[in-house]
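To find a chain, count down the sequence lines: A is the first, B the second, and so on, and within it residues start at 1. None of the values given here were measured: they were computed from a predicted structure.
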Protein chains: 2
Amino acid sequence: MIKSNDQSGKEAQILAAARKVFQRRGTSGARMADIAEQAGVNQALLHYYFRSKARLADAVFLSAARELFPPVLETLLSDAPLPDKVQRVVELELDTLQRHPYLPGYVISELNQHPERVAQFARAMTGQEISSFGPRVLRRIGEQIDEAVAAGDMRSITADQFVINLISLCIFPFAARPMIAALTQVDDEGWTAMIERRKQELPAFFLGGLKP
Amino acid sequence: MIKSNDQSGKEAQILAAARKVFQRRGTSGARMADIAEQAGVNQALLHYYFRSKARLADAVFLSAARELFPPVLETLLSDAPLPDKVQRVVELELDTLQRHPYLPGYVISELNQHPERVAQFARAMTGQEISSFGPRVLRRIGEQIDEAVAAGDMRSITADQFVINLISLCIFPFAARPMIAALTQVDDEGWTAMIERRKQELPAFFLGGLKP
DNA sequence: GTCTATATGTTGATAGAC
DNA sequence: GTCTATCAACATATAGAC
């Protein structure tokens, strides 16, 4: 009965509020006062639960990083044929990002501005060290590429360029949404429509780029 | 003889230092003291020349935004055939970003975290309003796509998806460099090599994705 | 124009009542 | 566990000498 009075879920409220504020303002731009207000609690309570801004920021970053990549990496590691994987990754990622539009920009900012985040990111990819996971994915994709190339179904491409191209096409539009929206002059509805079209067209575009 | 004593170029020194610090730390993360130190001048001098941190940050952002996009947009607007444009944009952008690796992450951060930047960005695209420039580029590309489709050289694709795909493939790897480097476990040399390969392979990949 | 010294304002964090 | 009040540290900005 240690945290008896926390059925109200203050801790969860705080974390949710922190997610919102950190993702919009970045770690340095976020204010503890704003988080407290957003959570509807007193600022002192943030420190009671999370001790410091840095720790709270760590918690938020970790959960964000875990949301962004592991599902994709697991899909890429599965036994499905390559074209199916592409199809699934596009759907999975675009769906996730439509629900969490600020995630990519936030993760990119953090990773660029706070070097220590890189190691945290690596650990967040899975329980294990990235040293095993990243390369394992790339090896698996590489094998499948080799098969497809041997069968005459695909031009040769390195596994890392394959993966980089795929996630670039999925994630960048969300990270750069303000730019793109300005350039193409679309409002929120137009944006949603554009993303929906993208879900359908992207797999064909991506796989077409690899035809022999 | 108003700024007689500025042949030493203190103002330029400050701006250069500010660029460096803002691009690495973001607007909120950057410290005026760090900029002063980096520039080798006193902190009061920053205010003498730029009045406030906000104005200095504006100057830096503007120059960064101007470096990132206008050359690409002008290339896309030119009279060259579509495949040539793709080739040129890839070279141009990858070269620029190799020289300024932090640019994409910085611009993305700013645009996501500071809403007022969006309007500044729009103006920075060219002397004119983006309201004329962005759509003009898209219209021109759209025409060329239509021609290629009519000639049976290309699958149909909207002009905005065309441009989004192209800049995604060029810019994202730099914005997400820490992620990608962690995933693929490449060091600085490996990174450079990967980008060089990319310059050669990307145009074919991109155009291949549009074959009928 | 450029510096030192200092004022002013924020912000993260703690003490202590309830 | 949760709050109010307050502290200590830092960051931006200004005053004023040179």
Of all residues at least two apart in sequence or in a different chain, which pass the salt bridge (charged side-chain N to carboxylate O under 4.0 Å, His left out) check with B:Asp58?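 Salt bridge (charged side-chain N to carboxylate O under 4.0 Å, His left out) check on B:Asp58 returns B:Arg117.
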For B:Asp187, salt bridge (charged side-chain N to carboxylate O under 4.0 Å, His left out) partners two or more places apart: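 Listed in chain order: nothing, the list is empty.
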So, is A:His47 near the phosphate of C:dA13, with a side-chain N or O under 4.0 Å from OP1 or OP2? yes
For A:Tyr48 and D:dG1, is the shortest distance between a side-chain N/O and OP1 or OP2 below 4.0 Å?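 Looking at the OP1 and OP2 atoms of D:dG1, one of them is under 4.0 Å from a side-chain N or O of A:Tyr48.
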From [atom1] of [X] over to [atom2] of [N], roughly how many Å is that when rounded to an integer?
X: A:Lys53; N: C:dT10; atom1: NZ; atom2: C1'; answer: 11 Å
X: B:Leu56; N: D:dA13; atom1: CG; atom2: C1'; answer: 13 Å
X: A:Tyr49; N: D:dC3; atom1: OH; atom2: C1'; answer: 13 Å
X: B:Arg55; N: D:dT14; atom1: CZ; atom2: P; answer: 11 Å

Give me each pair satisfying salt bridge (charged side-chain N to carboxylate O under 4.0 Å, His left out) with a member in residues 42-54 of chain B, each pair once, sequence neighbours excluded.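 Matches after skipping sequence neighbours: none remain.
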Please list all pairs passing the salt bridge (charged side-chain N to carboxylate O under 4.0 Å, His left out) test where one or both residues lie in residues 87-99 of chain A, with sequence neighbours left out. A:Asp95-A:Lys199
Short of 4.0 Å, heavy atom to strand atom, which residues of residues 21-46 of chain B count as contacting DNA chain D? B:Ala30, B:Arg31, B:Met32, B:Gln43, B:Ala44
Have a look at the helix from C:dG1-D:dC18 to C:dC18-D:dG1 and give the angle its two end axes make, five pairs each, rounded to 10 degrees.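 Comparing the first five pairs with the last five, the axes sit 0° apart.
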Which atom pairs, one a donor and one an acceptor, fall under 3.5 Å between side chains of residues 161-170 of chain B and the rest of the protein, sequence neighbours left out?
{"unit_1": "B:Gln161", "atom_1": "OE1", "unit_2": "A:Arg198", "atom_2": "NH1", "d": "2.8"}
{"unit_1": "B:Gln161", "atom_1": "NE2", "unit_2": "A:Met194", "atom_2": "O", "d": "3.2"}
{"unit_1": "B:Asn165", "atom_1": "OD1", "unit_2": "A:Arg198", "atom_2": "NH1", "d": "2.8"}
{"unit_1": "B:Asn165", "atom_1": "OD1", "unit_2": "A:Arg198", "atom_2": "NH2", "d": "2.8"}
{"unit_1": "B:Asn165", "atom_1": "ND2", "unit_2": "B:Gln161", "atom_2": "O", "d": "3.4"}
{"unit_1": "B:Ser168", "atom_1": "OG", "unit_2": "B:Ile164", "atom_2": "O", "d": "2.7"}

Going by atom type alone, with no hydrogens or angles, which donor-acceptor pairs under 3.5 Å involve a side-chain atom of residues 73-81 of chain B and a protein atom two or more places apart or on another chain?
{"unit_1": "B:Thr75", "atom_1": "OG1", "unit_2": "B:Pro71", "atom_2": "O", "d": "2.8"}
{"unit_1": "B:Ser78", "atom_1": "OG", "unit_2": "B:Thr75", "atom_2": "O", "d": "2.9"}
{"unit_1": "B:Ser78", "atom_1": "OG", "unit_2": "B:Ala80", "atom_2": "N", "d": "3.4"}

Under 3.5 Å, which donor-acceptor pairs do the side chains of residues 35-42 of chain A form with other protein atoms, sequence neighbours left out?
{"unit_1": "A:Asn42", "atom_1": "OD1", "unit_2": "A:Ala44", "atom_2": "N", "d": "2.8"}

Is A:Gln23 close to B:Asn112 at the side-chain level, that is, under 4.5 Å between some pair of heavy atoms? no
